[in-house]
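Nothing fancy with the numbering, it's 1 onward along the sequence. Start at 1 and go down the list; that is how both ligands and their atoms are numbered. Please read all numbers here as calculations on a predicted model, not as lab measurements.
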Amino acid sequence: MGAEIKLEVKNISKSFPGVKALDQVSFALKKGTVHVLCGENGAGKSTLMKVLDGIYRQDEGEIYIDGKKVEIHSPMDARANGIAMIFQELSYVPDLTIAENIFMGRWAPKGKFRLNWNKMYDETERLMKQEGLPYKAHDLLRSLSVADIQLIEILKAVSFEAKILIMDEPTSSISNKEVEFLFRKIEELKKRGVSIIYISHKMDEIFRIADEITVLRDGTTIATKKANETTMDEIISLMVGRKLENMYPKEDVKIGEEIFRVEKLTSHKIFEDISFQVHRGEVVGFAGLVGAGRTEIMRAIFGLDKYQTGEIYLRGQKIQIKSPADAIEKGIAMISEDRRKYGIIPMRDIMENVSLASLKQYFYKGIRHKKREEREVEQVCKKMRVKTPSIEAKIMNLSGGNQQKVILAKWLLCDPEVLIMDEPTRGIDVGAKTEIYQLIEEFANAGKGIILVSSELPELIGMCDRIYVMNEGHIAGSLERKEFTQEVILGMAVSN
Ligand SMILES: Nc1ncnc2c1ncn2[C@@H]1O[C@H](COP(=O)(O)OP(=O)(O)OP(=O)(O)O)[C@@H](O)[C@H]1O
Ligand SMILES: [Mg+2]
(Lines give C-alpha, C1' and ligand atoms only; values in the text may rest on other atoms or scores of the structure.)
(Ligands and ions follow the chains in the order given, each with its own letter.)
Protein backbone atom coordinates (compact mmCIF):
# COMPACT_ATOMS: atom_id res chain seq x y z
CA MET A 1 0.00 0.00 0.00
CA GLY A 2 1.48 3.29 -1.05
CA ALA A 3 2.01 5.62 1.84
CA GLU A 4 2.07 8.63 -0.42
CA ILE A 5 -0.89 10.90 0.23
CA LYS A 6 -2.89 11.76 -2.84
CA LEU A 7 -5.64 13.86 -1.36
CA GLU A 8 -6.06 15.47 1.98
CA VAL A 9 -8.97 17.45 3.37
CA LYS A 10 -8.38 19.55 6.44
CA ASN A 11 -11.01 20.93 8.77
CA ILE A 12 -13.76 21.18 6.22
CA SER A 13 -17.02 22.69 7.43
CA LYS A 14 -20.22 23.20 5.51
CA SER A 15 -23.59 24.45 6.72
CA PHE A 16 -26.99 24.51 5.10
CA PRO A 17 -29.88 26.50 6.54
CA GLY A 18 -30.58 24.81 9.86
CA VAL A 19 -27.97 22.02 9.49
CA LYS A 20 -24.25 21.88 10.04
CA ALA A 21 -23.60 19.07 7.59
CA LEU A 22 -19.81 19.05 8.04
CA ASP A 23 -17.96 20.21 11.09
CA GLN A 24 -14.16 20.34 10.82
CA VAL A 25 -13.81 17.11 8.86
CA SER A 26 -10.31 15.90 8.05
CA PHE A 27 -9.01 12.79 6.36
CA ALA A 28 -6.26 11.64 4.01
CA LEU A 29 -6.52 9.39 0.97
CA LYS A 30 -3.40 7.41 0.09
CA LYS A 31 -2.34 6.85 -3.47
CA GLY A 32 -3.59 3.66 -5.12
CA THR A 33 -5.85 2.69 -2.22
CA VAL A 34 -9.55 2.45 -1.47
CA HIS A 35 -10.68 4.62 1.38
CA VAL A 36 -14.20 3.86 2.56
CA LEU A 37 -16.32 6.54 4.16
CA CYS A 38 -19.10 5.29 6.33
CA GLY A 39 -21.60 6.75 8.71
CA GLU A 40 -25.31 6.93 9.35
CA ASN A 41 -27.77 8.55 6.97
CA GLY A 42 -27.23 12.26 7.12
CA ALA A 43 -23.72 11.95 8.59
CA GLY A 44 -22.38 14.18 5.82
CA LYS A 45 -20.71 11.72 3.46
CA SER A 46 -22.30 12.92 0.24
CA THR A 47 -21.89 16.54 1.23
CA LEU A 48 -18.15 16.05 1.73
CA MET A 49 -17.89 14.39 -1.67
CA LYS A 50 -19.84 17.19 -3.31
CA VAL A 51 -17.37 19.65 -1.83
CA LEU A 52 -14.55 17.66 -3.45
CA ASP A 53 -16.46 17.59 -6.71
CA GLY A 54 -17.01 21.34 -6.71
CA ILE A 55 -20.77 21.16 -6.40
CA TYR A 56 -20.71 22.78 -2.98
CA ARG A 57 -18.18 25.23 -1.72
CA GLN A 58 -16.93 24.60 1.81
CA ASP A 59 -17.42 27.36 4.40
CA GLU A 60 -14.07 26.57 5.97
CA GLY A 61 -11.15 24.22 5.49
CA GLU A 62 -8.69 23.25 2.82
CA ILE A 63 -8.17 20.61 0.17
CA TYR A 64 -4.71 19.38 -0.84
CA ILE A 65 -3.86 17.25 -3.84
CA ASP A 66 -0.32 15.87 -4.08
CA GLY A 67 0.56 18.16 -1.21
CA LYS A 68 -0.57 21.29 -3.00
CA LYS A 69 -3.51 23.33 -1.86
CA VAL A 70 -6.26 23.45 -4.48
CA GLU A 71 -9.43 25.47 -4.92
CA ILE A 72 -12.37 23.59 -6.32
CA HIS A 73 -15.15 25.94 -7.37
CA SER A 74 -16.93 23.80 -9.93
CA PRO A 75 -17.10 20.26 -11.27
CA MET A 76 -14.84 21.48 -14.08
CA ASP A 77 -12.22 22.40 -11.51
CA ALA A 78 -12.64 18.96 -9.98
CA ARG A 79 -12.11 17.31 -13.38
CA ALA A 80 -9.05 19.51 -13.97
CA ASN A 81 -7.67 18.22 -10.68
CA GLY A 82 -8.25 14.63 -11.76
CA ILE A 83 -11.37 14.03 -9.66
CA ALA A 84 -14.37 12.12 -11.03
CA MET A 85 -17.51 11.15 -9.17
CA ILE A 86 -20.25 8.58 -9.41
CA PHE A 87 -23.29 9.98 -7.70
CA GLN A 88 -25.55 8.36 -5.18
CA GLU A 89 -28.62 9.45 -7.08
CA LEU A 90 -28.03 8.54 -10.69
CA SER A 91 -27.66 11.60 -12.84
CA TYR A 92 -28.30 10.25 -16.30
CA VAL A 93 -30.47 11.67 -19.04
CA PRO A 94 -32.86 8.93 -20.19
CA ASP A 95 -33.30 10.24 -23.73
CA LEU A 96 -29.63 10.44 -24.56
CA THR A 97 -27.68 7.59 -26.07
CA ILE A 98 -25.05 5.68 -24.16
CA ALA A 99 -22.31 7.47 -26.09
CA GLU A 100 -23.77 10.91 -25.45
CA ASN A 101 -24.07 10.06 -21.82
CA ILE A 102 -20.51 8.86 -21.49
CA PHE A 103 -19.13 11.91 -23.23
CA MET A 104 -21.46 14.47 -21.72
CA GLY A 105 -19.59 17.60 -20.74
CA ARG A 106 -16.29 16.59 -22.37
CA TRP A 107 -17.27 16.22 -25.98
CA ALA A 108 -14.53 15.25 -28.38
CA PRO A 109 -13.96 18.25 -30.66
CA LYS A 110 -13.53 18.17 -34.41
CA GLY A 111 -11.85 21.31 -35.58
CA LYS A 112 -13.02 24.43 -33.86
CA PHE A 113 -16.78 24.27 -34.09
CA ARG A 114 -17.80 20.69 -34.54
CA LEU A 115 -17.97 17.58 -32.50
CA ASN A 116 -16.34 14.38 -33.49
CA TRP A 117 -19.36 12.11 -33.16
CA ASN A 118 -17.74 9.23 -34.96
CA LYS A 119 -14.92 9.21 -32.50
CA MET A 120 -17.27 9.29 -29.55
CA TYR A 121 -19.46 6.51 -30.90
CA ASP A 122 -16.48 4.37 -31.89
CA GLU A 123 -14.90 4.85 -28.51
CA THR A 124 -18.16 3.87 -26.80
CA GLU A 125 -18.57 0.77 -28.99
CA ARG A 126 -15.07 -0.20 -28.04
CA LEU A 127 -15.81 0.25 -24.35
CA MET A 128 -19.00 -1.83 -24.58
CA LYS A 129 -17.11 -4.64 -26.33
CA GLN A 130 -14.17 -4.49 -24.01
CA GLU A 131 -16.44 -4.75 -20.98
CA GLY A 132 -18.64 -7.40 -22.55
CA LEU A 133 -21.83 -5.33 -22.36
CA PRO A 134 -24.59 -6.26 -24.81
CA TYR A 135 -25.32 -2.68 -25.81
CA LYS A 136 -24.76 -0.43 -28.77
CA ALA A 137 -23.45 3.11 -28.42
CA HIS A 138 -26.70 4.34 -29.99
CA ASP A 139 -28.98 2.70 -27.43
CA LEU A 140 -30.95 5.15 -25.34
CA LEU A 141 -30.32 5.07 -21.65
CA ARG A 142 -34.02 4.65 -20.98
CA SER A 143 -33.90 1.21 -22.57
CA LEU A 144 -31.43 -0.05 -19.96
CA SER A 145 -32.17 -1.42 -16.51
CA VAL A 146 -31.16 0.56 -13.44
CA ALA A 147 -28.34 -1.89 -12.85
CA ASP A 148 -26.93 -1.44 -16.34
CA ILE A 149 -27.26 2.32 -16.16
CA GLN A 150 -25.19 2.12 -13.02
CA LEU A 151 -22.58 0.13 -14.93
CA ILE A 152 -22.50 2.78 -17.64
CA GLU A 153 -22.01 5.41 -14.93
CA ILE A 154 -19.07 3.43 -13.63
CA LEU A 155 -17.55 3.12 -17.11
CA LYS A 156 -18.10 6.81 -17.63
CA ALA A 157 -16.19 7.70 -14.50
CA VAL A 158 -13.45 5.22 -15.34
CA SER A 159 -13.10 6.61 -18.85
CA PHE A 160 -12.35 10.07 -17.47
CA GLU A 161 -8.91 8.70 -16.59
CA ALA A 162 -9.39 10.23 -13.20
CA LYS A 163 -6.68 10.07 -10.58
CA ILE A 164 -9.18 10.30 -7.77
CA LEU A 165 -12.46 8.49 -8.16
CA ILE A 166 -15.36 9.06 -5.81
CA MET A 167 -18.10 6.45 -5.67
CA ASP A 168 -21.15 7.30 -3.61
CA GLU A 169 -23.03 4.05 -2.96
CA PRO A 170 -22.27 2.64 -6.41
CA THR A 171 -23.74 -0.75 -5.63
CA SER A 172 -27.06 0.34 -4.21
CA SER A 173 -28.96 -0.75 -7.32
CA ILE A 174 -26.88 -3.50 -8.86
CA SER A 175 -26.80 -7.25 -8.29
CA ASN A 176 -23.95 -9.50 -7.22
CA LYS A 177 -22.77 -10.09 -10.75
CA GLU A 178 -22.33 -6.40 -11.40
CA VAL A 179 -20.78 -5.87 -8.01
CA GLU A 180 -18.08 -8.35 -8.99
CA PHE A 181 -17.57 -6.40 -12.22
CA LEU A 182 -17.21 -3.18 -10.25
CA PHE A 183 -14.78 -4.72 -7.80
CA ARG A 184 -12.62 -6.04 -10.63
CA LYS A 185 -12.60 -2.54 -12.10
CA ILE A 186 -11.60 -1.12 -8.76
CA GLU A 187 -8.68 -3.54 -8.51
CA GLU A 188 -7.52 -2.55 -12.00
CA LEU A 189 -7.77 1.10 -11.13
CA LYS A 190 -5.81 0.65 -7.92
CA LYS A 191 -3.05 -1.04 -9.88
CA ARG A 192 -2.94 1.98 -12.15
CA GLY A 193 -2.43 4.15 -9.09
CA VAL A 194 -5.93 5.60 -8.99
CA SER A 195 -7.08 6.52 -5.49
CA ILE A 196 -10.67 5.78 -4.62
CA ILE A 197 -13.11 7.11 -2.08
CA TYR A 198 -15.92 4.65 -1.65
CA ILE A 199 -19.16 5.21 0.22
CA SER A 200 -21.37 2.30 1.16
CA HIS A 201 -23.75 1.05 3.82
CA LYS A 202 -23.03 -2.57 3.00
CA MET A 203 -20.68 -3.81 5.65
CA ASP A 204 -19.51 -7.01 3.95
CA GLU A 205 -18.70 -5.04 0.82
CA ILE A 206 -16.79 -2.43 2.80
CA PHE A 207 -14.54 -5.03 4.30
CA ARG A 208 -13.88 -6.64 0.95
CA ILE A 209 -12.43 -3.60 -0.70
CA ALA A 210 -11.34 -1.11 1.94
CA ASP A 211 -7.74 -0.37 2.72
CA GLU A 212 -8.80 2.25 5.22
CA ILE A 213 -12.12 3.25 6.72
CA THR A 214 -13.12 6.65 8.02
CA VAL A 215 -16.28 6.95 10.08
CA LEU A 216 -18.30 10.15 10.08
CA ARG A 217 -21.01 10.91 12.58
CA ASP A 218 -23.13 14.08 12.65
CA GLY A 219 -20.71 15.86 10.35
CA THR A 220 -17.56 15.10 12.31
CA THR A 221 -14.75 12.61 11.75
CA ILE A 222 -14.96 9.96 14.46
CA ALA A 223 -12.01 7.77 13.50
CA THR A 224 -9.91 6.38 10.67
CA LYS A 225 -8.99 2.69 10.88
CA LYS A 226 -6.95 0.34 8.76
CA ALA A 227 -9.38 -2.26 7.43
CA ASN A 228 -7.23 -5.17 8.55
CA GLU A 229 -6.93 -3.78 12.05
CA THR A 230 -10.61 -3.33 12.81
CA THR A 231 -13.85 -5.33 12.81
CA MET A 232 -17.34 -4.89 11.53
CA ASP A 233 -18.66 -4.57 15.05
CA GLU A 234 -16.19 -1.86 15.86
CA ILE A 235 -17.11 0.14 12.75
CA ILE A 236 -20.83 -0.21 13.43
CA SER A 237 -20.51 0.98 16.98
CA LEU A 238 -18.35 3.90 15.84
CA MET A 239 -21.07 4.77 13.32
CA VAL A 240 -24.09 4.62 15.56
CA GLY A 241 -22.35 5.56 18.79
CA ARG A 242 -23.78 2.52 20.58
CA LYS A 243 -23.74 -1.23 20.28
CA LEU A 244 -26.44 -2.72 18.06
CA GLU A 245 -27.93 -5.71 19.77
CA ASN A 246 -30.41 -7.41 17.55
CA MET A 247 -30.21 -6.61 13.89
CA TYR A 248 -33.41 -8.52 13.02
CA PRO A 249 -36.09 -8.01 15.64
CA LYS A 250 -38.27 -10.83 14.33
CA GLU A 251 -41.06 -11.80 16.73
CA ASP A 252 -43.41 -14.72 16.80
CA VAL A 253 -46.46 -12.99 15.38
CA LYS A 254 -49.68 -14.97 15.13
CA ILE A 255 -50.35 -15.69 11.48
CA GLY A 256 -54.03 -15.10 10.74
CA GLU A 257 -56.35 -15.61 7.81
CA GLU A 258 -55.41 -15.00 4.22
CA ILE A 259 -55.52 -11.32 3.35
CA PHE A 260 -54.04 -11.20 -0.11
CA ARG A 261 -53.78 -13.69 -2.92
CA VAL A 262 -52.48 -13.59 -6.47
CA GLU A 263 -53.41 -16.30 -8.92
CA LYS A 264 -51.68 -17.16 -12.14
CA LEU A 265 -50.56 -13.64 -12.89
CA THR A 266 -48.85 -13.49 -16.27
CA SER A 267 -47.26 -10.68 -18.20
CA HIS A 268 -45.95 -11.85 -21.52
CA LYS A 269 -42.16 -12.46 -21.50
CA ILE A 270 -41.77 -10.79 -18.11
CA PHE A 271 -43.31 -13.16 -15.59
CA GLU A 272 -45.55 -16.16 -15.83
CA ASP A 273 -48.03 -18.02 -13.74
CA ILE A 274 -47.32 -16.21 -10.51
CA SER A 275 -49.45 -17.44 -7.62
CA PHE A 276 -48.94 -16.69 -3.95
CA GLN A 277 -50.77 -15.77 -0.76
CA VAL A 278 -50.13 -13.50 2.16
CA HIS A 279 -51.78 -13.92 5.56
CA ARG A 280 -52.44 -11.42 8.31
CA GLY A 281 -49.33 -10.92 10.38
CA GLU A 282 -47.17 -12.59 7.81
CA VAL A 283 -44.01 -11.25 6.20
CA VAL A 284 -43.64 -12.87 2.80
CA GLY A 285 -40.32 -12.47 1.04
CA PHE A 286 -39.40 -12.53 -2.64
CA ALA A 287 -35.85 -13.58 -3.36
CA GLY A 288 -34.16 -13.85 -6.72
CA LEU A 289 -31.53 -12.28 -8.87
CA VAL A 290 -31.93 -8.77 -10.18
CA GLY A 291 -33.99 -9.17 -13.35
CA ALA A 292 -35.90 -12.23 -12.12
CA GLY A 293 -39.14 -10.26 -12.43
CA ARG A 294 -39.89 -9.45 -8.80
CA THR A 295 -40.20 -5.71 -9.22
CA GLU A 296 -42.29 -6.18 -12.36
CA ILE A 297 -44.77 -8.38 -10.51
CA MET A 298 -45.16 -5.84 -7.74
CA ARG A 299 -45.59 -3.03 -10.24
CA ALA A 300 -48.29 -4.96 -12.03
CA ILE A 301 -50.11 -5.68 -8.78
CA PHE A 302 -49.90 -2.03 -7.77
CA GLY A 303 -51.46 -0.88 -11.03
CA LEU A 304 -48.32 0.62 -12.52
CA ASP A 305 -47.96 -1.90 -15.33
CA LYS A 306 -50.40 -4.02 -17.32
CA TYR A 307 -50.58 -7.79 -17.18
CA GLN A 308 -52.38 -10.16 -19.49
CA THR A 309 -53.99 -12.77 -17.32
CA GLY A 310 -54.40 -13.60 -13.67
CA GLU A 311 -56.41 -12.57 -10.66
CA ILE A 312 -55.89 -10.64 -7.48
CA TYR A 313 -57.87 -11.19 -4.29
CA LEU A 314 -58.02 -8.95 -1.25
CA ARG A 315 -59.71 -10.39 1.86
CA GLY A 316 -61.04 -13.18 -0.31
CA GLN A 317 -62.68 -10.83 -2.79
CA LYS A 318 -61.54 -10.55 -6.34
CA ILE A 319 -60.37 -7.02 -7.11
CA GLN A 320 -59.30 -5.07 -10.17
CA ILE A 321 -56.55 -2.55 -9.64
CA LYS A 322 -56.56 0.07 -12.33
CA SER A 323 -53.94 2.48 -11.05
CA PRO A 324 -51.74 3.13 -8.02
CA ALA A 325 -54.39 5.51 -6.70
CA ASP A 326 -56.89 2.71 -6.97
CA ALA A 327 -54.53 0.33 -5.15
CA ILE A 328 -54.04 2.81 -2.32
CA GLU A 329 -57.77 3.37 -2.09
CA LYS A 330 -58.25 -0.38 -1.67
CA GLY A 331 -55.62 -0.55 1.06
CA ILE A 332 -52.54 -1.69 -0.82
CA ALA A 333 -49.40 0.41 -0.57
CA MET A 334 -46.06 0.03 -2.27
CA ILE A 335 -42.62 1.36 -1.51
CA SER A 336 -40.76 1.16 -4.77
CA GLU A 337 -37.12 0.45 -5.44
CA ASP A 338 -36.42 3.50 -7.52
CA ARG A 339 -37.31 6.34 -5.23
CA ARG A 340 -36.24 9.04 -7.62
CA LYS A 341 -38.67 7.93 -10.24
CA TYR A 342 -41.70 6.89 -8.26
CA GLY A 343 -41.27 7.59 -4.59
CA ILE A 344 -40.94 11.30 -4.08
CA ILE A 345 -41.66 14.75 -5.41
CA PRO A 346 -38.19 16.25 -4.96
CA MET A 347 -39.15 19.91 -5.09
CA ARG A 348 -41.85 19.63 -2.46
CA ASP A 349 -41.40 19.67 1.28
CA ILE A 350 -41.44 16.65 3.54
CA MET A 351 -44.90 17.42 4.83
CA GLU A 352 -46.45 17.27 1.36
CA ASN A 353 -44.52 14.19 0.40
CA VAL A 354 -45.67 12.37 3.49
CA SER A 355 -49.32 13.36 3.51
CA LEU A 356 -49.71 12.92 -0.24
CA ALA A 357 -51.00 9.37 -0.02
CA SER A 358 -53.35 10.18 2.83
CA LEU A 359 -54.64 13.62 1.86
CA LYS A 360 -58.23 12.50 2.02
CA GLN A 361 -57.91 11.97 5.74
CA TYR A 362 -57.18 15.65 6.16
CA PHE A 363 -60.08 17.01 4.20
CA TYR A 364 -63.40 17.43 5.86
CA LYS A 365 -66.23 18.99 3.89
CA GLY A 366 -63.70 20.48 1.52
CA ILE A 367 -61.60 22.08 4.24
CA ARG A 368 -58.03 21.02 4.79
CA HIS A 369 -57.13 20.29 8.38
CA LYS A 370 -53.62 21.54 8.21
CA LYS A 371 -52.90 21.44 11.95
CA ARG A 372 -53.82 17.79 12.27
CA GLU A 373 -51.92 16.97 9.12
CA GLU A 374 -48.83 18.73 10.46
CA ARG A 375 -49.08 17.03 13.81
CA GLU A 376 -49.37 13.56 12.34
CA VAL A 377 -46.64 14.08 9.78
CA GLU A 378 -44.37 15.33 12.59
CA GLN A 379 -45.19 12.23 14.57
CA VAL A 380 -44.36 9.69 11.89
CA CYS A 381 -41.19 11.52 10.92
CA LYS A 382 -40.13 11.49 14.52
CA LYS A 383 -40.91 7.84 14.78
CA MET A 384 -38.78 7.15 11.70
CA ARG A 385 -36.09 9.48 13.06
CA VAL A 386 -35.99 11.44 9.81
CA LYS A 387 -33.02 13.76 10.15
CA THR A 388 -34.18 17.21 9.07
CA PRO A 389 -34.38 20.72 10.48
CA SER A 390 -38.16 20.73 9.93
CA ILE A 391 -40.91 19.08 7.94
CA GLU A 392 -40.90 22.11 5.71
CA ALA A 393 -37.49 21.17 4.27
CA LYS A 394 -37.51 20.19 0.60
CA ILE A 395 -37.15 16.46 0.29
CA MET A 396 -34.36 16.74 -2.28
CA ASN A 397 -32.18 18.33 0.39
CA LEU A 398 -32.36 15.32 2.65
CA SER A 399 -29.65 12.70 2.61
CA GLY A 400 -30.41 9.62 0.49
CA GLY A 401 -31.32 7.41 3.39
CA ASN A 402 -33.53 10.02 4.95
CA GLN A 403 -35.49 10.37 1.72
CA GLN A 404 -36.20 6.66 1.94
CA LYS A 405 -37.38 7.10 5.51
CA VAL A 406 -39.80 9.81 4.39
CA ILE A 407 -41.28 7.42 1.86
CA LEU A 408 -41.79 4.85 4.57
CA ALA A 409 -43.36 7.49 6.77
CA LYS A 410 -45.79 8.29 4.00
CA TRP A 411 -47.13 4.75 3.89
CA LEU A 412 -47.20 4.45 7.62
CA LEU A 413 -49.56 7.38 7.75
CA CYS A 414 -52.07 5.98 5.28
CA ASP A 415 -52.32 2.73 7.22
CA PRO A 416 -52.56 0.12 4.44
CA GLU A 417 -53.78 -3.48 4.82
CA VAL A 418 -51.15 -4.88 2.52
CA LEU A 419 -47.73 -3.30 2.28
CA ILE A 420 -45.45 -4.12 -0.62
CA MET A 421 -41.85 -3.16 0.02
CA ASP A 422 -39.39 -3.35 -2.85
CA GLU A 423 -35.84 -3.03 -1.52
CA PRO A 424 -36.96 -0.85 1.41
CA THR A 425 -33.56 -0.67 3.07
CA ARG A 426 -31.54 0.24 0.01
CA GLY A 427 -29.16 3.01 1.00
CA ILE A 428 -30.24 2.89 4.62
CA ASP A 429 -27.63 2.80 7.37
CA VAL A 430 -27.35 -0.17 9.70
CA GLY A 431 -29.00 1.55 12.63
CA ALA A 432 -31.95 2.77 10.60
CA LYS A 433 -32.32 -0.63 8.96
CA THR A 434 -33.10 -2.11 12.32
CA GLU A 435 -35.70 0.61 12.81
CA ILE A 436 -37.32 -0.33 9.53
CA TYR A 437 -37.37 -3.97 10.55
CA GLN A 438 -39.05 -2.93 13.77
CA LEU A 439 -41.67 -1.14 11.72
CA ILE A 440 -42.21 -4.25 9.65
CA GLU A 441 -42.80 -6.11 12.90
CA GLU A 442 -45.27 -3.44 14.02
CA PHE A 443 -47.17 -3.84 10.79
CA ALA A 444 -47.20 -7.60 11.21
CA ASN A 445 -48.36 -7.30 14.80
CA ALA A 446 -51.21 -5.08 13.66
CA GLY A 447 -52.40 -7.92 11.44
CA LYS A 448 -51.29 -6.49 8.12
CA GLY A 449 -49.79 -8.48 5.29
CA ILE A 450 -46.26 -7.58 4.22
CA ILE A 451 -44.51 -8.43 0.97
CA LEU A 452 -40.78 -7.88 1.11
CA VAL A 453 -38.72 -7.90 -2.06
CA SER A 454 -35.03 -7.77 -1.29
CA SER A 455 -31.67 -8.61 -2.78
CA GLU A 456 -30.14 -8.89 0.64
CA LEU A 457 -30.55 -12.47 1.70
CA PRO A 458 -29.68 -11.89 5.36
CA GLU A 459 -32.55 -9.42 5.49
CA LEU A 460 -35.06 -11.86 3.98
CA ILE A 461 -33.83 -14.68 6.16
CA GLY A 462 -33.92 -12.45 9.22
CA MET A 463 -37.39 -11.00 8.70
CA CYS A 464 -39.63 -13.31 6.66
CA ASP A 465 -42.04 -16.07 7.60
CA ARG A 466 -42.03 -17.48 4.12
CA ILE A 467 -39.90 -16.80 1.04
CA TYR A 468 -40.82 -17.27 -2.60
CA VAL A 469 -37.77 -17.67 -4.78
CA MET A 470 -38.02 -16.28 -8.30
CA ASN A 471 -36.04 -17.54 -11.24
CA GLU A 472 -36.37 -15.94 -14.67
CA GLY A 473 -39.95 -14.84 -14.36
CA HIS A 474 -41.19 -17.95 -12.55
CA ILE A 475 -41.63 -18.84 -8.93
CA ALA A 476 -39.07 -21.60 -8.51
CA GLY A 477 -40.40 -22.58 -5.12
CA SER A 478 -41.27 -21.37 -1.65
CA LEU A 479 -39.61 -21.98 1.67
CA GLU A 480 -40.79 -21.89 5.27
CA ARG A 481 -38.81 -20.04 7.88
CA LYS A 482 -37.18 -23.17 9.29
CA GLU A 483 -35.92 -24.10 5.81
CA PHE A 484 -34.16 -20.81 5.10
CA THR A 485 -30.47 -20.86 4.30
CA GLN A 486 -28.53 -18.68 1.89
CA GLU A 487 -27.37 -21.76 -0.06
CA VAL A 488 -30.85 -23.17 -0.59
CA ILE A 489 -32.28 -19.82 -1.68
CA LEU A 490 -29.43 -19.05 -4.04
CA GLY A 491 -29.57 -22.55 -5.45
CA MET A 492 -33.23 -22.08 -6.37
CA ALA A 493 -32.61 -18.60 -7.73
CA VAL A 494 -29.93 -19.64 -10.22
CA SER A 495 -30.80 -23.21 -11.21
CA ASN A 496 -32.47 -23.86 -14.56
N1 LIG B 1 -28.59 21.04 -0.41
C2 LIG B 1 -28.89 20.86 0.88
N3 LIG B 1 -29.69 21.73 1.53
C4 LIG B 1 -29.99 21.54 2.83
N5 LIG B 1 -29.55 20.53 3.58
C6 LIG B 1 -28.75 19.61 2.99
C7 LIG B 1 -28.39 19.73 1.61
N8 LIG B 1 -27.58 18.69 1.30
C9 LIG B 1 -27.46 17.96 2.43
N10 LIG B 1 -28.14 18.52 3.46
C11 LIG B 1 -28.20 18.02 4.84
O12 LIG B 1 -26.89 17.76 5.27
C13 LIG B 1 -26.83 16.58 6.09
C14 LIG B 1 -25.83 15.61 5.51
O15 LIG B 1 -26.37 15.04 4.32
P16 LIG B 1 -25.57 14.05 3.39
O17 LIG B 1 -26.37 13.88 2.15
O18 LIG B 1 -24.17 14.51 3.25
O19 LIG B 1 -25.61 12.69 4.25
P20 LIG B 1 -25.03 11.24 3.91
O21 LIG B 1 -24.02 10.94 4.94
O22 LIG B 1 -24.61 11.20 2.50
O23 LIG B 1 -26.31 10.31 4.17
P24 LIG B 1 -26.90 9.03 3.36
O25 LIG B 1 -26.20 7.84 3.90
O26 LIG B 1 -28.34 9.01 3.78
O27 LIG B 1 -26.72 9.26 1.92
C28 LIG B 1 -28.25 16.05 6.15
O29 LIG B 1 -28.83 16.49 7.35
C30 LIG B 1 -28.92 16.69 4.95
O31 LIG B 1 -30.30 16.86 5.16
MG1 LIG C 1 -25.33 10.20 0.82
Side-chain angles (χ1 to χ4, degrees), residues 9 12-25 27 35-61 75 85-91 150 153 166-173 197-203 205-206 213-222 235-236 238-241 339-340 343-344 346-351 353-354 381-382 384-409 423-436:
V9 302
I12 299 263
S13 297
K14 172 78 192 165
S15 293
F16 298 109
V19 213
K20 188 150 196 184
L22 298 173
D23 190 0
Q24 304 275 322
V25 172
F27 87 101
H35 198 125
V36 168
L37 270 190
C38 53
E40 293 183 287
N41 298 131
K45 304 177 297 293
S46 297
T47 303
L48 181 59
M49 296 306 108
K50 286 179 186 165
V51 166
L52 289 177
D53 201 45
I55 294 167
Y56 296 148
R57 174 75 185 159
Q58 71 267 32
D59 305 333
E60 289 170 59
M85 175 150 166
I86 298 176
F87 290 93
Q88 178 171 15
E89 305 295 351
L90 293 178
S91 55
Q150 184 68 293
E153 287 282 301
I166 300 170
M167 303 191 185
D168 197 349
E169 298 190 42
T171 61
S172 61
S173 38
I197 304 176
Y198 191 99
I199 298 176
S200 176
H201 288 293
K202 299 182 180 168
M203 299 308 289
E205 185 169 276
I206 292 174
I213 303 172
T214 290
V215 178
L216 293 184
R217 196 199 307 151
D218 292 332
T220 61
T221 335
I222 298 294
I235 295 295
I236 292 176
L238 286 170
M239 271 169 64
V240 299
R339 62 177 164 250
R340 285 297 268 201
I344 57 169
M347 297 297 293
R348 296 300 179 86
D349 64 22
I350 296 178
M351 158 120 162
N353 268 284
V354 171
C381 287
K382 202 148 146 214
M384 297 292 311
R385 298 209 302 159
V386 175
K387 196 179 162 190
T388 173
S390 88
I391 58 169
E392 273 138 42
K394 285 202 179 73
I395 196 162
M396 64 178 183
N397 289 340
L398 295 186
S399 77
N402 280 296
Q403 293 183 5
Q404 185 74 342
K405 290 189 190 177
V406 169
I407 296 174
L408 281 163
E423 307 284 0
T425 63
R426 171 174 295 166
I428 300 252
D429 70 58
V430 274
K433 268 186 186 161
T434 303
E435 285 157 26
I436 289 179

Give a yes or no answer on whether the side chain of [X] reaches the backbone of [Y] with a donor-acceptor pair at less than 3.5 Å.
X: Lys387; Y: Asn41; result: no
X: Arg217; Y: Glu40; result: no
X: Lys405; Y: Arg385; result: yes
X: Asn402; Y: Thr388; result: no
X: Asp53; Y: Ile55; result: no

Can you check whether [X] has an N/O within less than 3.5 Å of an N/O in ligand 1?
X: Leu398; answer: no
X: Gly401; answer: yes
X: Ser399; answer: yes
X: Val19; answer: no
X: Gly44; answer: yes

ask   = To the nearest 0.5 Å, how far apart are CD1 in Ile12 and CD in Gln58?
value = 4.0 Å
query = Rounded to the nearest 0.5 Å, how far does CG of Leu48 lie from CG of Asp168?
reply = 10.0 Å
query = Just wondering, is there an N, O or S atom on Met49 that's nearer than 2.8 Å to the Mg ion (ligand 2)?
reply = no
remark   = Under 4.0 Å from one or more heavy atoms of Thr47, ligand 1 contributes atoms 9 (C), 14 (C), 15 (O), 16 (P), 18 (O)
query = Going by the order shown, which atoms of ligand 1 are within less than 4.0 Å of some heavy atom of Glu169?
reply = 25 (O), 27 (O)
inquiry  = Please compare Asn397, Thr388, Val51 and report which has the shortest non-hydrogen distance to atom 6 (C) of ligand 1.
reply    = Asn397
key: Side chain, backbone, both or neither: Glu40 near ligand 1, heavy atoms under 4.0 Å   = backbone
query = Taking only residues two or more places apart in sequence, or in another chain, which ones meet Glu60 in a side-chain hydrogen bond (donor to acceptor under 3.5 Å, both in side chains)?
reply = Gln24
task = State if Met49 counts as touching ligand 1 under the rule of any non-hydrogen atom under 4.0 Å.
result = no
